[in-house]
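Below, chains carry the letters A, B, ... as their sequence lines are ordered, and counting in each starts from 1. Since the model is a prediction, treat every value here as computed from it, not as a measurement.
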2 protein chains.
Amino acid sequence: MDHLHDDVDDIQDAWLRERPDTPVGSIGVITRIWRIAKLLDDDRRRTMARLGMDTATRDLLATLRRAGAPYALPVQEIARRCAVTSGAISQRVRRAEGQDLVTRRKSDDDGRGVVVGLTPRGHDLIERTVDDLLHHEETLLSALGTEQREELSKLLRLLHTDLQRRVPPAGG
Amino acid sequence: MDHLHDDVDDIQDAWLRERPDTPVGSIGVITRIWRIAKLLDDDRRRTMARLGMDTATRDLLATLRRAGAPYALPVQEIARRCAVTSGAISQRVRRAEGQDLVTRRKSDDDGRGVVVGLTPRGHDLIERTVDDLLHHEETLLSALGTEQREELSKLLRLLHTDLQRRVPPAGG
DNA sequence: CGTATATCGTTTAGTGCTAAAGGAGTTTTC
DNA sequence: GAAAACTCCTTTAGCACTAAACGATATACG
């Protein structure tokens, strides 16, 4: 039996009290996902600040590193993989370029296209950061046992897949 | 039959391929929560824009409305309930005050304190908005059956409760 | 072919957050 | 009961995003 109770239960109860006919069923999932995402975001921002980085740059470098050699992708593809607009990537790249972490070059195939690649400095930096972060985030989930984590992943995957169909991505 | 596969599986597989010794176990939960939160955020922003509102103002008005009569709370308490800094609330209140949706008055008990209350206009606006939004968000979860939704809520509540202990709230 | 349409990346305006600093009022302590 | 410490709210600087507008190239079509 879980006698666990959180702020989100309060929110749901409050709407039920104030407006008994309003459907409150989505709150338990949606508001909790929001709140957890915010806590994780705040935590990651601080962790990155401690390492002299920021979350946006980390996301950019990690995406390029993960792509495998030669650690380069077109802007459009980075935007898709990071789930932000191409304008956001443009800004991220400009910032990272100024710190010599990435380079831009025109695409060979397409005169409009720009390919962004990791510099050695950028490669180094992400290499030194990614393990730290993933170890740390492992501990953030220690409230959940292996089985609970798998069950949670499975349900979130189902919801994520469906929402991607339902909600148009942030335009490009 | 979970032959389901999403972008997050790709991210996890890519790290495993590129750095076999890095612990990737947290990705399936944390990255998915992030992505889902972003999709929900984008969707809510658009829904609110369509209704001539914005998500920050909605959050403020909803918090006051939910508190019940007389629909007024001190800034500090709003910040806690909305899980943002008091500086953010200060800005939200200033914007909403300009549209005659809320009022500020000095607290009787504490010369430092400020109490923010809904105006009739603010009450009206949130009343007209909240049902629409909750009905809409109900449909966003329709990929999940009743039982899955309850299981998901339960696991998220467990994680949320634990993270609130672990991660310091955004100061303020 | 040449014009219309679409796509790619960038830029800009607008929004909204955190963190940190500051002014004002309150509580604690000796 | 005065000084120190704390709390409350606001303000500011800095970051980062979306949406929309804009040039530049690429593709499609009659």
Side-chain angles (χ1 to χ4, degrees), chain A residues 34 37-50 52-60 73-80 82-99 102 104-116 167-172, chain B residues 34 37-50 52-60 73-80 82-99 102 104-116 167-172:
Chain A
W34 246 312
K38 177 139 195 312
L39 287 170
L40 293 172
D41 231 21
D42 288 352
D43 183 78
R44 188 177 273 196
R45 182 170 345 95
R46 288 167 191 154
T47 306
M48 287 298 103
R50 230 177 289 128
M53 271 261 267
D54 61 88
T55 59
T57 303
R58 195 219 72 103
D59 193 29
L60 174 64
L73 292 171
V75 168
Q76 168 199 30
E77 180 60 19
I78 301 174
R80 201 189 60 73
C82 294
V84 297
T85 59
S86 60
I89 297 301
S90 230
Q91 295 177 53
R92 288 182 181 185
V93 169
R94 185 153 47 82
R95 293 192 291 266
E97 207 179 16
Q99 303 175 256
V102 301
R104 272 175 161 113
R105 64 173 182 70
K106 296 218 120 192
S107 165
D108 298 335
D109 318 334
D110 187 334
R112 296 164 302 181
V114 168
V115 174
V116 180
V167 178
Chain B
W34 247 313
K38 177 139 195 313
L39 287 170
L40 293 172
D41 231 20
D42 288 352
D43 182 79
R44 188 177 275 195
R45 183 169 347 97
R46 288 167 191 154
T47 305
M48 287 298 104
R50 228 176 293 126
M53 270 261 266
D54 60 88
T55 58
T57 303
R58 194 219 72 104
D59 193 28
L60 174 64
L73 292 171
V75 168
Q76 167 200 30
E77 180 61 20
I78 300 174
R80 200 189 61 73
C82 292
V84 297
T85 59
S86 59
I89 297 302
S90 229
Q91 294 176 52
R92 288 182 181 183
V93 169
R94 185 152 47 85
R95 292 193 291 268
E97 206 179 18
Q99 301 175 258
V102 301
R104 270 177 162 113
R105 63 173 183 71
K106 296 219 121 196
S107 165
D108 297 334
D109 317 334
D110 187 333
R112 297 163 302 181
V114 168
V115 174
V116 180
V167 178

Contact list (N/O, under 3.5 angstrom) for nucleotides 22-26 of chain C vs protein:
unit_1, atom_1, unit_2, atom_2, d
C:dG25, N2, B:Arg112, NH1, 3.3
C:dT26, OP1, B:Gly111, N, 2.9

Under 4.0 Å between a side-chain N/O of [X] and OP1 or OP2 of [N], yes or no?
X        : N      : answer
A:Thr85  : D:dT18 : yes
B:Arg46  : D:dA19 : yes
A:Arg104 : C:dG9  : no
A:Arg92  : D:dC17 : yes
A:Arg94  : C:dG9  : no
B:Ser86  : D:dC8  : no
A:Arg45  : C:dT18 : no
B:Gln76  : D:dC8  : yes

Separation of atom [atom1] in [X] from atom [atom2] in [N], rounded to whole Å:
X       : N      : atom1 : atom2 : answer
A:Gln91 : C:dG9  : CD    : C1'   : 12 Å
B:Asp41 : C:dC17 : CG    : C1'   : 12 Å
B:Leu39 : D:dT18 : CG    : P     : 11 Å
B:Met48 : C:dG14 : CE    : P     : 23 Å
A:Arg80 : C:dC8  : CZ    : C1'   : 16 Å
B:Glu77 : D:dT7  : CD    : P     : 16 Å
A:Arg95 : D:dC15 : CZ    : P     : 8 Å

Name all residues meeting the salt bridge (Lys or Arg N to Asp or Glu O under 4.0 Å) criterion together with [X]; count only those two or more places apart in sequence or in a different chain, and write none if there are none.
X        : result
B:Asp110 : B:Arg112
B:Arg95  : none
A:Asp59  : A:Arg92

* Do B:Asp108 and B:Arg105 have side chains that get closer than 4.5 Å, going by heavy atoms? -> yes
Going by side-chain hydrogen bond (donor to acceptor under 3.5 Å, both in side chains), name the residues that satisfy it together with [X], two or more places apart in sequence or in a different chain.
X        : result
B:Thr47  : none
A:Arg94  : none
A:Arg104 : A:Glu97
B:Thr57  : B:Asp54

* Is the shortest side-chain N to carboxylate O distance from B:Asp42 to B:Arg45 below 4.0 Å? -> yes
* Please report the closest heavy-atom contact between B:Ile78 and B:Leu60, naming both atoms and the distance. => CG2-CD1, 3.9 Å
* **Along DNA chain D (nearest heavy atom to each residue), the more 5'-positioned of B:Ile89 and A:Ala83** => B:Ile89
* **Residue-level proximity of residues 53-60 of chain A to DNA chain C when a heavy atom falls under 4.0 Å** => none
* A:Asp42 vs A:Val93, nearer the 5' end of DNA chain C by closest nucleotide -> A:Val93
